Peer 1: 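Structure provided below as structure tokens; questions to follow.
Just so you know, these numbers come straight off a predicted model, no measurement behind them.
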Amino acid sequence: MDSESWLSTPQQMGYPPIDFEADLNEEQYAAVTAPAGPALVLAGAGSGKTRTLTYRVAYLLEKGVHPGNILLLTFTNKAAREMLSRVEDLTGVPRRAFWGGTFHSIGQRMVRMHGEPVGLQSNYTILDQSDAESLMADVIRGVDPLFLKDKNNPKAKVIANTISLSRNTCQSIEDSVNQFSPYFHDYIPDFERFFKAYTERKKQQQVADYDDLMVLWLEILKTQESVASYYQERFQHILVDEYQDTNMIQAEIIDRIGSQNQIMAVGDDAQSIYSWRGANYENILHFSDNHKGTELYRIETNYRSTPEILAFANDVINQFDPGQGFYKELRPVKDPHLQPIMIQAMDGCEEAAIVIRRIQALLEEGRSLSDITVLYRAHYQAIDLQMELTRQHIRFQITSGVQFFEQAHVKDLVAQIKFAYNSNDSRAFQRFTGLLPMVGEKTAEKIFQTASEEARTTGEPITNMFLSNPVLAKVPKAAKVLWKSLSATIQAVVKAAASEPPSEVVAVAVEGWYSDYIKTLYPNYLQRMDDLQSLIGFAQRFTDLQELLSQLVLMNSETSQTSIDPEEDQLKLTTVHQAKGLEFPVVFLLGSSEGLFPLKRAIDRGDLDEERRLFYVAVTRAMDELYMTSPRMTQFGGNTNFMNPSRFIQRVNPELYEVVRLKRYSSW
């Protein structure tokens, strides 16, 4: 349908008029029928935000606004499709008639039409993440051929991520590194050189990465006055979903297009949880200050959760200092049910046993596994539960990644320990040796065979042969320095395995070459190090290394043989970040203790506001029942830590939740 064939209202197309007042609650109706002008819609969890946006578009169409004069910006393709499909079902206006989609999809459209003055022809191509990282690697090799060969230097993926974060936060590379990854401070001049060359190479090849779609869109609006004026006139209404997740660039793009104050920003400051990827919490807090005459609309009637869960959630989120957020009070529609329950456990093992016991009781009460979801702040916090679920043959699916012991960095570390225990394990050897540059499966096999032959000839252990001349001759030049560091670690692990308890063996492996290696390899290095540190505590449960390794192998064998049918009834496990926007009848929140939620890293940094918002997101996923488990003790990094319940629970009125202790849950 082209713009000329679109009729002025849905009714002229044969669709009956919409009874907005009957279809919406009072709060939604006020936002949907808001007069033109800047508006901030604070839509609380479970309050019908998507419905409000959908009906807002339908209302504008009924008022005669052309669909081409409405710009709808979202953060996911799923959200855009859902909203525009609902609008089409409601009004009959096809989704293609709107300018609607993700920021990046609209950005690529703008750059394709107007990008020539900023260096891109209309036939430019877009690099996906892997393509962008590959190009960055090529650029780095061109600028400094030796850089990526040095074991101590960050890999291209990490450099690309660091530069991306600086662009999305509108910071210099120096400021961004100092804030997010200070351990790379000495590399700032290198990063700046690589970024300059990377930018030039992209223009030469007429390609753009995802960040360019935002950066160049903003540059177009800044430098092409006629283009900016055209879209300011064209888009009479700009609707922005999840405004709390916008970064500095996106907020400025919106302001430049919406300079005539035609912006409706919809979001929830209490669910701003993505600062680590560049989202700026200040954008929603100061929207009214930056857009004079803003009308504030609150949508706080919650259709998701019981009164008891909402009372608890309200107390959690309003634990802020003045100026740190909007006061809010979600109001329930559902009938009363159960109070949220905090279950105290001794440690992760008991926590897992308690959760499974309650799940089994829920199944007996008529719940299905698919009704139940387990949330956690960090992946390693679900180790014990995953093991116990596997032992008891309870079907589960991890929707935020793979099972803990199947993660690449965990398997890399375990391979070193397996080889230290059994030096004939060529597969384990190939796994960790294959991490070195220019070492593939065949090269790793040649190194292993040569070291084995030398060991047989000399009667020495195979690890003593790693630095012999015949073995070094098989190691590629680019890998020789890293091979020496790896060899030293494997020898240290072998020595520990001969006399030390399993936890010390794991600690030696964690503290060796691999901890430096993953720092340069993974953008989420700190989270992965937390996983590895947690392995030390896990190993403290075993007195024999063979027992530990056997348990790990059996766990992986059982889970890998289990095929997952998406339609099958199964328990879901996921991080809180991945659960945002979803809802579940029954929620278990693991690790509701100080140091686990909030994380110790956040406590040490004094960065607790976002942790509190993340906790709020977790508890507002629950529809009917909420269980929070609080272990008193954890073994992490070789240390035993004693913990109190999370401050986010302790500060809640104790009348709003029930504390359950060991002597009581036998009745479940």
Peer 1: Under 3.5 Å, is there a donor-acceptor pair between the D211 and S164 side chains?
Peer 2: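 Distance-only check passes for D211 and S164.
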Peer 1: Distance check, rounded to the nearest 0.5 Å: R651 atom CZ versus Q319 atom CD?
Peer 2: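 Rounded to the nearest 0.5 Å, the CZ-CD separation comes out at 6.0 Å.
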Peer 1: With a 4.0 Å cut-off on N to O distance, would you call D241 and K49 a salt bridge?
Peer 2: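 Looking at K49 together with D241, the answer is yes, because their closest N to O distance falls below 4.0 Å.
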Peer 1: Which heavy atom of L213 sits nearest a heavy atom of V111, and at what distance?
Peer 2: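 Looking at all heavy atoms of both residues, the closest pair is O-CG2, 4.1 Å.
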Peer 1: Is there a donor in the side chain of K155 and an acceptor in the side chain of T520, or the other way round, less than 3.5 Å apart?
Peer 2: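 A pair is found: one side chain offers a donor N or O, the other an acceptor, under 3.5 Å apart.
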Peer 1: So is R234 actually on top of Y230's ring, under 6.0 Å and inside 45° of the axis?
Peer 2: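 No, R234 and Y230 do not form such a contact.
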Peer 1: Taking the six-membered ring for Trp and the single ring otherwise, decide whether the centroids of H577 and W276 are under 6.0 Å apart.
Peer 2: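 Yes, the ring of H577 comes within the 6.0 Å limit of the ring of W276, centre to centre.
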Peer 1: Could you check whether K157 makes a cation-pi contact with Y522, meaning its NZ or CZ is under 6.0 Å from the centre of the six-membered ring and within 45° of the ring axis?
Peer 2: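 The answer is no, since K157 fails at least one limit relative to Y522.
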Peer 1: Any chance you could measure N280, atom CG, to T246, atom OG1, to the nearest 0.5 Å?
Peer 2: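 OG1 of T246 is found 7.0 Å from CG of N280.
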Peer 1: State yes or no: are the ring centers of Y380 and F538 separated by less than 6.0 Å?
Peer 2: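 No, too far apart.
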Peer 1: Go through the steps for Y231 and W217 under the test ring-ring contact (aromatic ring centres under 6.0 Å, His included), then give the verdict.
Peer 2: CA-CA 12 Å; Y231 288 108; W217 183 6; 8.5 Å; no
Peer 1: So, the side chain of K442 versus the backbone of G440: is there a donor-acceptor pair under 3.5 Å, distance only?
Peer 2: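 Here the side-chain-to-backbone pair does not exist.
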Peer 1: Within 45 degrees of the ring normal and closer than 6.0 Å to the centroid, is that where the cationic atom of R112 sits relative to Y124?
Peer 2: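 Yes - R112 lies over the ring of Y124, closer than 6.0 Å to its centre and within 45° of its axis.
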Peer 1: Just checking Q129: does its CD atom have more than 12 heavy atoms from other residues, nucleotides or ligands closer to it than 6.0 angstrom?
Peer 2: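 No.
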Peer 1: Classify the ring geometry of F287 against Y243: parallel below 30°, tilted from 30° to 60°, perpendicular beyond 60°.
Peer 2: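 Plane angle over 60°, so perpendicular.
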Peer 1: Tell me if a side-chain donor or acceptor on R621 pairs with a main-chain N or O of V617 at a distance below 3.5 Å.
Peer 2: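 Yes, because the side chain of R621 sits within donor-acceptor range (under 3.5 Å) of the backbone of V617.
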Peer 1: Should we count CE of M113 as having more than 12 external heavy atoms under 6.0 Å?
Peer 2: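 Atom CE in M113 is crowded, with more than 12 foreign heavy atoms closer than 6.0 Å.
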Peer 1: Do C170 and I249 come within less than 4.5 Å of each other through their side chains, counting heavy atoms only?
Peer 2: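 C170 reaches I249 side chain to side chain.
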Peer 1: Starting at CZ of F191, measure out to CD1 of I163 and round the result to the nearest 0.5 Å.
Peer 2: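 It is 7.5 Å, given to the nearest 0.5 Å.
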Peer 1: Do T102 and F75 touch side chain to side chain, with heavy atoms closer than 4.5 Å?
Peer 2: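 T102 does not reach F75 side chain to side chain.
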Peer 1: Working note: I447 + F429, criterion side chain to side chain contact (heavy atoms under 4.5 Å, CB included); need CA distance, chi angles, decisive distance, verdict.
Peer 2: CA-CA 9 Å; I447 296 171; F429 179 88; 3.7 Å; yes
Peer 1: Decide side chain to side chain contact (heavy atoms under 4.5 Å, CB included) for L42 and L296; before the verdict, give the C-alpha distance in whole Å, the side-chain angles of both, and the deciding distance to 0.1 Å.
Peer 2: CA-CA 8 Å; L42 294 175; L296 181 64; 3.7 Å; yes
Peer 1: Looking at E441, I want to see if its CD is surrounded by more than 12 non-hydrogen atoms of other residues, nucleotides or ligands under 6.0 Å.
Peer 2: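 No, CD of E441 has 12 or fewer neighbouring heavy atoms, counting only those of other groups under 6.0 Å.
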Peer 1: With distance as the sole criterion, is a donor-acceptor pair present between the side chains of N247 and N168 under 3.5 Å?
Peer 2: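 Per modelled atom types, N247 and N168 side chains form a pair under 3.5 Å.
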Peer 1: Would the distance check show the side chain of R377 and the main-chain N or O of F597 forming a donor-acceptor pair, the cut-off being under 3.5 Å?
Peer 2: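 No, the answer is negative, given that no donor and acceptor are paired below the 3.5 Å cut-off.
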Peer 1: Would you say the side-chain atoms of S181 pair up with the backbone N or O of Y183, donor to acceptor, closer than 3.5 Å?
Peer 2: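 Not confirmed, S181 side chain does not pair with Y183 backbone.
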Peer 1: State whether the side chain of S515 and the backbone N or O of G512 hold a donor-acceptor pair below 3.5 Å, judged by distance alone.
Peer 2: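 Here the side-chain-to-backbone pair exists.
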Peer 1: Is there side-chain contact between Y616 and K328, with at least one heavy-atom pair below 4.5 Å?
Peer 2: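 SC-SC contact between Y616 and K328 confirmed.
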Peer 1: Between I159 and F195, is any pair of side-chain heavy atoms under 4.5 Å apart?
Peer 2: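 Not in contact.
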Peer 1: Do D530 and H379 get their side chains close enough for a donor-acceptor pair, meaning under 3.5 Å?
Peer 2: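 Looking only at side-chain atoms, H379 and D530 do not form any donor-acceptor pair under 3.5 Å.
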Peer 1: Is the distance between the ring centroids of Y514 and F432 under 6.0 Å?
Peer 2: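 When the ring centroids of F432 and Y514 are compared, they turn out to be at least 6.0 Å apart.
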Peer 1: Would you say CE of M248 has more than 12 non-hydrogen atoms from neighbouring residues, nucleotides or ligands within 6.0 angstrom?
Peer 2: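 For M248, atom CE is not crowded (no more than 12 foreign heavy atoms under 6.0 Å).
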Peer 1: State, without any angle test, whether S166 and S176 hold a side-chain donor-acceptor pair at a distance under 3.5 Å.
Peer 2: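 No, no side-chain donor-acceptor pair sits under 3.5 Å.
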Peer 1: With rounding to the nearest 0.5 Å, note down the distance linking CD1 in I173 to CG in D190.
Peer 2: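 Interatomic distance, I173 CD1 to D190 CG, rounded to 0.5 Å: 10.5 Å.
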Peer 1: Tell me whether E225 at atom CD has more than 12 heavy atoms from other residues, nucleotides or ligands lying less than 6.0 Å away.
Peer 2: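 Result for CD/E225: open.
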Peer 1: Is it true that the side chains of H409 and Y517 contain a donor and an acceptor less than 3.5 Å apart?
Peer 2: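 No pair is found: no donor N or O on one side chain lies under 3.5 Å from an acceptor on the other.
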Peer 1: Under a 4.0 Å threshold between the charged nitrogen and the carboxylate oxygen, would D269 count as salt-bridged to R613?
Peer 2: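 The answer is no: the pair does not qualify as a salt bridge.
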Peer 1: Looking only at non-hydrogen atoms, find the nearest pair between L120 and A208 and report the distance.
Peer 2: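 Minimum heavy-atom contact is CD1-CB, 3.9 Å.
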Peer 1: Is the closest side-chain heavy-atom distance between H237 and L71 below 4.5 Å?
Peer 2: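 Sidechains of L71 and H237: no contact.
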Peer 1: What is the distance from atom CG of L285 to atom OG of S272, rounded to the nearest 0.5 Å?
Peer 2: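 If I round to the nearest 0.5 Å, the distance is 8.0 Å.
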Peer 1: Search all heavy atoms of G107 against all heavy atoms of M214 and return the closest pair with its distance.
Peer 2: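 Minimum heavy-atom separation between G107 and M214: CA-CE, 4.2 Å.
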Peer 1: How close do R193 and V143 get, heavy atom to heavy atom, and via which atoms?
Peer 2: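 Heavy-atom minimum between the residues: NH1-CG1, 3.6 Å.
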Peer 1: Tell me, yes or no, whether the heavy-atom count around E116 atom CD, taken from other residues, nucleotides or ligands under 6.0 Å, exceeds 12.
Peer 2: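 Not more than 12 within 6.0 Å, no.
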Peer 1: So, the side chain of Q236 versus the backbone of Q262: is there a donor-acceptor pair under 3.5 Å, distance only?
Peer 2: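 It does not hold such a pair.
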Peer 1: Treating R256 as the side-chain partner and A228 as the backbone partner, does any N or O pair qualify as donor plus acceptor under 3.5 Å?
Peer 2: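 Checked: no pair found.
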Peer 1: Okay, side chain of K480, backbone of V475: is any donor-acceptor separation there less than 3.5 Å?
Peer 2: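 Looks like yes, one N/O pair under 3.5 Å.
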Peer 1: Decide yes or no for I603 and R647: does some side-chain heavy atom of the first lie under 4.5 Å from some side-chain heavy atom of the second?
Peer 2: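 When only atoms from C-beta onward are counted, R647 and I603 do touch, with a gap below 4.5 Å.
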Peer 1: Given 3.5 Å as the limit, does a donor-acceptor pair link the side chain of E82 with the main chain of A79, or not?
Peer 2: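 No.
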Peer 1: Answer yes or no: does atom NZ of K600 have more than 12 heavy-atom neighbours from other residues, nucleotides or ligands under 6.0 Å?
Peer 2: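 No - once you tally the heavy atoms of other residues, nucleotides and ligands closer than 6.0 Å, there are 12 at most.
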Peer 1: Which residue in the set T162, D175, T169 passes side chain to side chain contact (heavy atoms under 4.5 Å, CB included) when paired with F180?
Peer 2: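 For F180, the side chain to side chain contact (heavy atoms under 4.5 Å, CB included) check succeeds only for T169.
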Peer 1: Is there a donor-acceptor contact under 3.5 Å linking the side chains of Y198 and D209?
Peer 2: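 Yes.
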Peer 1: Under 3.5 Å, is there a donor-acceptor pair linking the side chains of Y187 and N153?
Peer 2: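 Yes, N153 and Y187 have a side-chain donor paired with an acceptor closer than 3.5 Å.
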Peer 1: L72 versus W99: any side-chain heavy-atom pair under 4.5 Å?
Peer 2: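 Sidechains of W99 and L72: no contact.
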Peer 1: Within this structure, what is the CG-CD distance for the pair D138 and E133, rounded to the nearest 0.5 Å?
Peer 2: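 The CD atom of E133 is 12.5 Å from CG of D138, to the nearest 0.5 Å.
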Peer 1: Compute whether any side-chain donor of one residue and acceptor of the other, for S229 and S226, lie under 3.5 angstrom apart.
Peer 2: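 No, no side-chain donor-acceptor contact under 3.5 Å.
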Peer 1: Shortest non-hydrogen contact from V576 to L614?
Peer 2: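 In this case the closest contact between V576 and L614 is CG1-O, 3.4 Å.
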Peer 1: Without swapping roles, check the side chain of D128 against the backbone of D131 for a donor-acceptor pair under 3.5 Å.
Peer 2: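 Here the side-chain-to-backbone pair exists.
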Peer 1: Regarding Q271 and Q244, is there a side-chain donor-to-acceptor distance under 3.5 Å anywhere?
Peer 2: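 Absent: no donor and acceptor within the cut-off.
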Peer 1: Please check if any side-chain donor atom of R528 sits under 3.5 Å from a side-chain acceptor atom of N524, or the reverse.
Peer 2: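 Checked: R528/N524 side chains pair up, N/O donor to acceptor below 3.5 Å.
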Peer 1: Any idea which heavy atoms bring P598 and L608 closest together, and the distance?
Peer 2: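 For P598 versus L608, the nearest heavy atoms are CB-CD2, 3.7 Å.
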Peer 1: Do the side chains of I398 and K572 get nearer than 4.5 Å, heavy atoms only?
Peer 2: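 They are not in side-chain contact.
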